[in-house]
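Worksheet for the structure shown next.
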Number of protein chains: 2
Amino acid sequence: MAAKKGYLSCLDTVKPVRDALEVINGKWKLPIIISVAVGNERFTDIQESIPGITPKVMAKELKELEQHQLIKRVVVEDYPVKILYKPEPYTDTLTPIIDALKQWGLNHRQKIFHPEVSRVN
Amino acid sequence: MAAKKGYLSCLDTVKPVRDALEVINGKWKLPIIISVAVGNERFTDIQESIPGITPKVMAKELKELEQHQLIKRVVVEDYPVKILYKPEPYTDTLTPIIDALKQWGLNHRQKIFHPEVSRVN
DNA sequence: TATAGTACTTTCCTAAAGGATAGTAGAATA
DNA sequence: TATTCTACTATCCTTTAGGAAAGTACTATA
């Protein structure tokens with residue numbers, strides 16, 4: 001019974017990649033993380049630093065990022081109270097992903113708008 | 001007029017990251033790329049190597065990846081004709097992203113299921 | 001007193017993603 | 001002749017993402 005060719009397994013890579021994508025999926029999570037990592041702490045500042053994001057989406061994404069311990073919501077008991085969003089140590093672990101995406105995005109834009117000059121492919 | 005604090009700009013990073021996300025967004029594009037990169041060439045093999053994907057979604061994603069020149073659809077004129085999906089040179093440029101996501105996903109799973117042993121955070 | 005700022009929430013809506021299931025056309029195989 | 005293989009397509013449906021606009025409770029400021 002000559003074994004039918006069958007496919008090559010790639011689950012070793014596919015599974016962890018999907019785990020990662022589940023946490024950072026969507027259009028806004030990484031931009032918010034980048035903004036907070038750069039030092040924006042107030043709701044309004046973060047919002048204004050990311051063109052196009054609405055407060056509803058911001059609020060939802062901030063909650064999810066908090067649950068994943070990728071940012072911390074800090075209430076400062078002043079009058080009036082201040083609310084700050086701060087990076088967690090765990091946030092730093094995303095740096096390699098963000099860097100890789102940034103570099104790829106820069107190269108991709110080169111490729112699309114100036115194909116003859118682009119470095120890769 | 002003491003300038004109101006204002007936010008810190010992070011567009012240098014946010015913009016290219018968003019460019020990249022637009023190409024590799026969704027649940028399935030990277031898994032498909034991984035499968036093709038590992039050597040799966042036939043529609044059915046790719047599909048079987050990625051648990052949960054349906055043929056409809058496969059077909060749609062393959063078309064989009066082709067448009068972005070991340071895979072090539074090759075028709076082999078045999079009887080019957082064979083259709084092969086192959087990686088393009090440009091596919092390799094995604095390797096750093098895939099590696100970063102894979103490493104992060106592995107670490108994240110550690111953190112979630114064995115917090116006391118996890119390496120980072 | 002009126003306006004503005006802060007951190008949201010609420011409502012309503014559209015579009016896109018994704019999933020289940022079935023079907024199909026041609027060729028090969030039993 | 002019947003079934004299987006291949007690479008899809010077609011239908012239908014549910015869920016999620018995301019966007020527009022307004023509102024709110026509190027405080028501060030002019």
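What you see is a predicted model, and the numbers here were worked out from it, not measured in a lab. Numbers restart at 1 for each chain; the letters A, B, ... are given by sequence-line order, proteins then strands.
Taking OH from Y85(A) and CG from L70(A), the interatomic distance works out to 14.5 Å, rounded to the nearest 0.5 Å.
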Test Q103(A) against L106(A) for side-chain contact (heavy atoms from CB on, under 4.5 Å), laying out the working first.
-> CA-CA 5 Å; Q103(A) 288 313 309; L106(A) 289 169; 4.2 Å; yes
| Test log, rule side-chain contact (heavy atoms from CB on, under 4.5 Å), inputs K63(B) and R73(B) | CA-CA 9 Å; K63(B) 273 172 202 154; R73(B) 193 185 118 114; over 6 Å; no
Notebook entry, point to check: Going through the distances and angles, do I53(B) and I32(B) end up as a side-chain contact (heavy atoms from CB on, under 4.5 Å)?
Noted result: CA-CA 10 Å; I53(B) 198 168; I32(B) 290 172; 4.0 Å; yes
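OP1 or OP2 of dC8(D) has at least one side-chain nitrogen or oxygen of Y85(B) nearer than 4.0 Å. The side chain of T44(B) places an N or O atom within less than 4.0 Å of a non-bridging phosphate oxygen (OP1 or OP2) of dA7(D). Phosphate contact (OP1/OP2 of dC8(C), side-chain N/O of R42(A), threshold under 4.0 Å): absent.
Near DNA chain D, meaning a heavy atom under 4.0 Å away, there are no residues from residues 19-40 of chain B.
Rounded to whole Å, atom C1' of dT27(D) lies 15 Å from atom CD of E77(A). In this structure, OH of Y79(B) is placed 17 Å from C1' of dA25(C), rounded to the nearest angstrom. What separates CD of E41(A) from P of dC8(C) is a distance of 14 Å, to the nearest Å. Here dA7(D) presents its P atom at 11 Å from CD of E48(B), a figure rounded to the nearest Å. Rounded to a whole Å, the NZ atom of K60(B) is 16 Å from the C1' atom of dA20(C). Nucleotide dT10(C) holds its P atom 17 Å from the CE atom of M58(A), rounded to whole Å. When the C1' atom of dC26(D) is taken as reference, atom CZ of F43(A) falls 16 Å away, rounded to whole Å. Following rounding to the nearest Å, Q47(B) (CD) and dA7(D) (P) show an atom-to-atom distance of 10 Å.
Positionally, the nearest nucleotide of DNA chain D for L62(B) lies more toward the 5' end than for the other of E61(A) and L62(B).
For H68(B), there are no ring-ring contact (aromatic ring centres under 6.0 Å, His included) partners at least two apart in sequence or on another chain.
Of the candidate nucleotides dA7(D), dA7(C), dA28(D), dA7(D) has the atom nearest to the side chain of I83(B). Comparing atom distances between the K56(A) side chain and each of dA28(C), dA28(D), dT10(C) picks out dT10(C) as nearest.
The two residues K86(A) and V36(A) make their nearest non-hydrogen contact at C-CG1, 3.7 Å.
For the salt bridge (Lys or Arg N to Asp or Glu O under 4.0 Å) with K29(B), the lone residue among E61(B), E66(B), E22(B) that qualifies is E61(B).
Backbone-only engagement by P80(A) is indicated by non-hydrogen atom pairs under 4.0 Å involving sugar-phosphate atoms exclusively.
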